[in-house]
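Input: a single structure, listed below in structure tokens.
Nothing here was measured: the structure is a model prediction, and the numbers come from that model.
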Amino acid sequence: MSPRRRAAIVGVAESDLGKTPHLTVLSQQAQASKAALAEAGLTPDDVDGLFTAGNWSWAPALTLAEYLGMQPDHLDGTNIGGSSFEAHVGHATAAIEAGLIDVALITYGSTQRSDRTRGRPRPATLTEQYEQPFGLPQPVGAYALAAARYMHEYGVTSEELAEVAVSARRWAVLNPRAYYRDPITVADVLASPLIAEPLHKLDCCLVTDGGGAVVVAAEDRWQDVATRPVVVRGHAETTTHSSISRMPDLTVTGAARTGPLALERAGVTHADVDLLAVYDSFTITVLLTLESLGFCKPGEGGRFVADGRTAPGGELPMNTNGGGLSYTHPGMYGIFLLIEATRQLRHDYRDQLGRQVDGAELALVHGTGGVLSSTSTVVLSGS
């Protein structure tokens with residue numbers, strides 16, 4: 001058999017972030033797409049695959065294609081929540097390997113802060129109809145249930161959860177675009193108001209506007225691009241449930257399948273990973289993910305992140321832009337994980353004191369969607 005064409009991320013960009021009343025969901029995607037294609041040295045005419053999720057139309061890919069003036073040969077509107085964009089990278093890579101497309105554009109946009117849509121009730125589906133009448137707030141209530149079970153089962157403390165937020169903020173201090181940049185302590189996290197016990201305000205992600213774009217290109221197009229290609233080495237995705245009441249085990253996520261499988265497909269091990277980009281919708285999300293991915297044993301996530309292990313200068317840098325807890329979180333954060341990992345592997349921050357991960361060549365990017373419902377893992381390398 002002839003070798004498969006490799007795929008690589010060749011351009012990334014965000015739109016304006018924070019609060020953007022001057023932008024729509026579509027204009028955010030257009031702004032980010034234009035910047036990502038320009039960075040890659042490509043044009044909209046080069047794009048033959050369009051991937052998107054979350055622009056709230058009945059057919060997101062069709063709406064976006066029309067808005068961007070594109071008629072792509074390959075469309076993908078897969079929406080599995082915050083992990084959609086890691087899934088899109090996997091799908092784009094498969095299409096490139098199959099010879100269906102050469103250049104894929106992956107986009108996202110959200111105006112949830114400006115529109116004040118976060119937390120707005122949504123129609124109940126399947127077993128959610130048995131949760132909503134009892135006042136379970138979504139999504140924070142679902143994550144609070146998981147946190148309570150996890151803390152009960154393993155004796156993990158709120159202080160250990162808070163370490164995740166503290167380390168994320170230490171990275172955010174180094175990021176001029178981060179929404180929150182003031183340093184915080186464990187005591188600050190515990191002193192912040194309870195949102196859904198045991199989760200405090202600073203255990204919870206931001207609510208912002210924002211969009212992003214990622215360009216993936218086939219190996220035989222790399223000579224045309226203006227950036228250092230970041231190679232897609234492995235990918236896996238799965239789902240374990242939709243509503244939280246149907247999660248098989250509140251302390252184990254689908255990362256237990258997608259992490260090892262993506263690493264195996266990439267031909268690498270946990271020890272080869274130089275940095276992590278892990279979905280941090282809540283501090284509990286990170287601990288469950290690290291354990292399920294296999295970086296530590298069940299119940300050991302709190303000790304694993306202690307003493308700044310994932311913070312600047314730590315042994316295993318994680319969420320080096322400040323993450324969804326401190327940088328930005330427009331509702332579906334997964335695309336920003338890919339953007340940050342790509343920049344680290346290209347060594348874009350080498351002139352920014354303390355922000356560049358020295359010698360970063362291999363990153364594990366992991367998205368989580370819904371209420372711990374879907375997971376998608378991507379392994380990227382700088383060569």
Query raised in the report: Does atom CD of Glu197 have more than 12 heavy-atom neighbours, drawn from other residues, nucleotides or ligands, at distances under 6.0 Å?
Result: no

Query raised in the report: With sequence neighbours left out, what residues match Tyr108 under ring pair (Phe, Tyr, Trp, His ring centres under 6.0 Å)?
Result: Phe85

Query raised in the report: Are any of the side-chain nitrogens in Arg149 or Asp249 under 4.0 Å away from the carboxylate oxygens of its partner?
Result: no

Report summary line: All heavy atoms of Pro317 vs all of Thr320, minimum pair found to be CB-CG2, 4.1 Å

Report summary line: Of all heavy-atom pairs linking Ser167 and Ala311, the shortest is OG-CB, 3.7 Å

Report task. Only one of Arg346, Lys34, Arg228 passes salt bridge (charged side-chain N to carboxylate O under 4.0 Å, His left out) with Glu39; say which it is. Result -> Arg346

Query raised in the report: Under 30°, 30 to 60°, or over 60°: which ring-plane class applies to Phe336 and Tyr327, parallel, tilted or perpendicular?
Result: perpendicular

Query - Step-by-step side chain to side chain contact (heavy atoms under 4.5 Å, CB included) determination, Ile9 to Thr227 - result: CA-CA 9 Å; Ile9 296 175; Thr227 58; over 6 Å; no

Query - No-hydrogen, no-angle side-chain donor-acceptor test under 3.5 Å, Thr208 and Thr328 - result: yes

Query raised in the report: Is there a donor-acceptor pair closer than 3.5 Å between any side-chain N or O of Asp48 and the backbone N or O of Pro72?
Result: no

Report task. Could you tell me whether Glu66 atom CD has more than 12 heavy atoms of other residues or ligands within 6.0 Å of it? Result -> no

Query raised in the report: Is it true that Val371 and Leu145 fall in one hydrophobic cluster, defined by side-chain heavy atoms closer than 4.5 Å?
Result: yes

Report summary line: Heavy atoms of Ala13 and Ile339 approach each other most closely as O-CD1, 3.4 Å

Report task. Nearest 0.5 Å please: distance from the CG atom of Leu287 over to the OH atom of Tyr150. Result -> 5.0 Å

Query raised in the report: Hey, are Arg355 and Glu340 close enough for a salt bridge, meaning a charged N less than 4.0 Å from a carboxylate O?
Result: yes

Query raised in the report: So which pairs with a foot in residues 302-318 pass side-chain hydrogen bond (donor to acceptor under 3.5 Å, both in side chains), sequence neighbours left out?
Result: Arg309-Glu315

Query - No-hydrogen, no-angle side-chain donor-acceptor test under 3.5 Å, His22 and Asp16 - result: yes

**Report entry** Separation between CG of Leu105 and CG of Leu37, rounded to the nearest 0.5 Å
**Finding:** 5.5 Å

Query raised in the report: Do the side chains of Thr285 and Tyr143 get nearer than 4.5 Å, heavy atoms only?
Result: yes

Query raised in the report: For the hydrophobic clusters of this structure (ILVMFWY residues joined by side-chain heavy atoms under 4.5 Å, transitively), does one cluster hold both Val166 and Val173?
Result: no

Report task. Would you kindly say whether Thr24 and Ser27 are connected by a side-chain donor-acceptor distance under 3.5 Å? Result -> yes

**Report entry** Pair Phe51-Thr107, side chain to side chain contact (heavy atoms under 4.5 Å, CB included): steps then yes or no
**Finding:** CA-CA 6 Å; Phe51 299 71; Thr107 77; over 6 Å; no

Query raised in the report: Does some side-chain heavy atom of Val89 sit less than 4.5 Å from a side-chain heavy atom of Ile106?
Result: yes

Query raised in the report: Passes side chain to side chain contact (heavy atoms under 4.5 Å, CB included), Leu275 versus Leu316? Steps please.
Result: CA-CA 6 Å; Leu275 70 119; Leu316 186 57; 5.9 Å; no

Query - Closest approach of Pro260 to Leu293 (non-hydrogen atoms, all atoms of both residues) - result: CD-O, 4.2 Å

Requested in this report: Show your reasoning for whether side chain to side chain contact (heavy atoms under 4.5 Å, CB included) applies to Leu23 and Asp209.
Outcome: CA-CA 9 Å; Leu23 295 175; Asp209 299 336; over 6 Å; no

Query - Nearest-0.5 Å distance that lies between atom OG in Ser110 and atom CG in Leu17 - result: 11.0 Å

Requested in this report: For Leu372 and Ala146, work out which heavy atoms get closest and say how close.
Outcome: CD1-CB, 3.7 Å

Query raised in the report: Same cluster or not: are Phe282 and Val156 linked, directly or through other Ile, Leu, Val, Met, Phe, Trp or Tyr residues, by side-chain heavy atoms under 4.5 angstrom apart?
Result: yes

Query - Pairs where residues 83-93 contributes a residue and the test side-chain hydrogen bond (donor to acceptor under 3.5 Å, both in side chains) is met, not counting sequence neighbours - result: Asp76-His91, Ser83-Ser374, His91-Glu237

Requested in this report: Could you tell me whether the side chain of Leu174 reaches within less than 4.5 Å of the side chain of Pro312, counting heavy atoms only?
Outcome: yes

Query - Flag if over 12 foreign heavy atoms under 6.0 Å of NE2, His270 - result: yes

Report summary line: Taken to the nearest 0.5 Å, the spacing of Arg169 CZ from Leu325 CG works out to 8.5 Å

Query raised in the report: How far apart are the closest heavy atoms of Leu50 and Ala61, and which atoms are they?
Result: CD2-O, 3.9 Å

**Report entry** Heavy-atom check, side chain of Tyr279 versus side chain of Thr289, under 4.5 Å
**Finding:** no

Requested in this report: Decide, yes or no, whether a salt bridge links Arg233 with Glu361 under the criterion of side-chain N to carboxylate O below 4.0 Å.
Outcome: no

Report task. Ignoring hydrogens and angles, tell me if any N or O in the side chain of Ser192 forms a donor-acceptor pair with the backbone of Leu202 under 3.5 Å. Result -> yes

Requested in this report: Would you please say whether a donor-acceptor pair under 3.5 Å links the side chains of His366 and Ser376?
Outcome: no

